[in-house]
Amino acid sequence: MKLDKCLTSDNINQNLLNIQYAVRGPIVQRAMQIERELEKGVVKPFDRVVRANIGDCHALGQKPITFIRQVLALAACPHLVSSVDVPEDVRQRVKEILGDCTQGSVGAYSPCTGLRIVRSRVAQYLQKRDGVPASPDDIYLGSGASDVIKAVLTMFVEDVDGKPPAVMIPIPQYPLFSGTLSELGLRQADYYLEEEHDWALSVEELERCWREASVDCHVRALVVINPGNPTGQVLTRRNMEQVVRFAYERGLFLLADEVYQENIVSKRFHSFKKVMHEMGAPYSSMELASFVTCSKGWAAECGLRSGFVELVRVELKVSAAFNTARGVMQCPTVLGQCILDCVMKPPSPGEPSYEQFAKEKRLIHQVLTERTETAYKTFNTIPGYSCNPIDGSMFAYPRIEIPSRAQEAAAELGMTPDEFYCLRLLEETGVCVVPGTGFGQLPGTFHFRTTILHPREEFRYMMEAFKRFHHNFLDNYS
Ligand SMILES: Cc1ncc(COP(=O)(O)O)c(C=O)c1O
């Protein structure tokens, strides 16, 4: 008998049907549809859609770092090295990287963990950052952090003592985690960040989460996102020590998503690796996976897909298995690895590219500082909005009050109140943000996440749009 389709929604891996990723979800789909309608001349109360749904700085107009792009261009076309006018340190960098590529070509596969030269530079960077030894052998390059986060989470897909595995993740969280756990069939154990204490991470809440999940699961790992996405909070060192002690006492593997470590405007970033080291035995011997990406920080090269995990103190047979699994995927893109090389070792004072690099980096940081301050202030002047101070990342995650009549209207449409709010915001102002449901929030509270790095005029428009829209929304539904 011939089937119509071999693959159907009934017989595909059912885990795929459970994946949700609101950052590119229904509101964003509707935004794309609106863009097409505007192109066709449909009249709207606005003339363009403002995409504030995704942390993609180049998509918001941030200019690439010149040094990075010059290295990339010449790494891709080495025959131009002697004919184009670029600073000498660019030429030197290209020579070094290509010297480590098979046949001097970025078109050749690299080792599955990444080029040796790049992993060595990563190790040097980490060592300088933390004052703790780092080894290139513990570094695995990936096609963005998402790639290596998934690869690490895959290692926990195994029942222990007859119980299914679970992973603790913060709420709110970046939905790469919930989506990947769904895909891998891993149970998600939610611990809530404390909004009333600047999104701090309470050990009592970690304990509650662990206890409840342990009834029918074996909790194997704890994910911490620091600086937070969507919250923008930077954990205090004391808070991090509490987390480390908790993970140790409960025998949990710590996954530290530290991708926003260069996007901080206030507070000091401490890596979990450094904190564990400084806490001494037994914490300094704990296993740890820490993630970094070129999609964030000042490089923000999201589209070129480059990041890494530092996987420390894992059993030898575990790293060997991880290595083999990475090998099956060949290697992350070598051009992406070139970017990582530049990020880990940017031009330093005295080098020909330094002045321009420093200027470009300063500007990027100024924009982040200005936008976080303005977003924080603006949101806290809108009645019914509240927003914690934003220490970093590139987002704001304000809390919004949604009147009960609007909640009823949402229910009639089969939507959550925050989805309804974001959809109305999009339809009336063209501003596309992501509802809090996509990141998780305490039941009964409502939020949205907005990117804040738009060009100045667009950013002003957004801030005005939030105010105006909320005012009208309250008029309509109070
Ligand atoms: C907290 C966090 N982790 C990981 C990632 C993955 O980034 P990429 O795969 O582009 O490196 C992102 C992207 O937005 C993120 O916000």
Side-chain angles (χ1 to χ4, degrees), residues 19-25 28 51-60 62 64 68 114 118 122 139-154 167 169-181 183 193 199 201 221-235 254-264 269 271-272 289-310 326 329 332-333 335-337 339-340 343-344 368 390-397 433-434 436 438-440 449-453:
I19 300 175
Q20 294 199 2
Y21 189 65
V23 172
R24 294 176 188 261
V28 185
R51 302 264 196 127
N53 57 298
I54 199 161
D56 181 349
C57 300
H58 288 203
L60 301 178
Q62 182 178 310
I68 292 182
V118 183
V122 172
I139 313 291
Y140 301 82
L141 271 48
S143 300
S146 313
D147 173 29
V148 273
I149 288 173
K150 182 173 171 184
V152 171
L153 285 173
T154 306
V167 175
I169 64 167
I171 297 294
Q173 51 107 25
Y174 172 58
L176 158 70
F177 289 99
S178 50
T180 306
L181 295 183
E183 181 174 347
L193 301 176
W199 300 111
L201 212 163
L222 167 65
V223 172
V224 179
I225 309 176
N226 181 45
N229 174 6
T231 57
Q233 104 287 15
V234 173
L235 295 178
L254 193 58
L255 276 78
D257 180 329
E258 301 182 320
V259 303
Y260 291 101
Q261 60 186 272
E262 290 277 347
N263 302 85
I264 296 181
F269 169 77
S271 73
F272 269 100
S290 155
F291 305 94
V292 175
T293 177
C294 298
S295 300
K296 313 297 169 188
W298 39 264
E301 294 277 11
C302 301
L304 286 154
R305 314 302 299 129
S306 186
F308 70 87
V309 57
E310 186 189 19
R326 294 302 290 160
M329 306 312 294
T333 155
L335 280 178
Q337 297 184 42
I339 301 178
L340 184 58
V343 172
M344 295 292 108
L368 179 65
I390 307 164
D391 302 324
S393 80
M394 46 188 72
F395 309 106
Y397 194 60
V433 297
V434 185
F439 305 94
R449 188 192 79 173
T450 178
T451 314
I452 52 175
L453 291 181

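Numbering of ligands and ligand atoms starts at 1, following listing order.
- The salt bridge (charged side-chain N to carboxylate O under 4.0 Å, His left out) test applied to Asp147 returns Arg326, not counting sequence neighbours.
- With a heavy-atom cut-off of 4.0 Å, Ser146 touches ligand 1 through backbone and side chain alike.
- Heavy-atom proximity to Ser295, at under 4.0 Å, picks out these atoms of ligand 1: 8 (P), 10 (O), 11 (O).
- Pairing each heavy atom of Lys296 with each of Val259, the nearest pair is CB-O, 3.4 Å.
- Residue contacts with ligand 1, taken as heavy atom pairs separated by less than 4.0 Å, involve Ile225 solely via side-chain atoms from C-beta onward.
- Minimum interatomic distance between Ser393 and Leu368 (heavy atoms only, all atoms of both residues): O-CD1, 3.2 Å.
- Residue, atom and distance of the protein heavy atom nearest to atom 14 (O) of ligand 1 are Lys296 NZ, 3.0 Å.
- Between Tyr397 and Trp199, the two ring planes are tilted [angle within 30° to 60°].
- The closest protein non-hydrogen atom to atom 2 (C) of ligand 1 is Asp257 OD2, 3.3 Å.
- The contact set between ligand 1 and Tyr260, taken as ligand atoms under 4.0 Å from a residue heavy atom, comprises 1 (C), 14 (O), 15 (C), 16 (O).
- Put simply, the side chain of Thr451 gets close to the backbone of Ile54: a donor and an acceptor are under 3.5 Å apart.
- The Arg305 neighbourhood of ligand 1 comprises atoms 8 (P), 9 (O), 10 (O), with distances under 4.0 Å to a heavy atom of that residue.
- With Phe395, Phe177, Phe291, Tyr174 as candidates, the residue nearest to atom 5 (C) of ligand 1 on a non-hydrogen basis is Tyr174.
- The backbone N or O of Asn53 sits less than 3.5 Å from a side-chain atom of Arg449, completing a donor-acceptor pair.
- Those atoms of ligand 1 that come under 4.0 Å of a heavy atom in Thr293, given as number and element, are 8 (P), 11 (O).
- Polar contact with ligand 1: present for Asn229 (N/O pair, distance under 3.5 Å).
- Judged purely by distance below 3.5 Å, without hydrogens or angles, the side chains of Ser178 and Gln173 pair a donor atom with an acceptor atom.
- Pairs passing the salt bridge (Lys or Arg N to Asp or Glu O under 4.0 Å) check and including a residue from residues 255-264, sequence neighbours excluded, do not occur.
- Of all atoms in ligand 1, numbered sequentially from 1 with element shown, those under 4.0 Å from a heavy atom of Val259 are 1 (C), 2 (C), 3 (N), 15 (C).
- Close contacts between ligand 1 and Gly144 involve ligand atoms 9 (O), 11 (O) [criterion: under 4.0 Å to a heavy atom].
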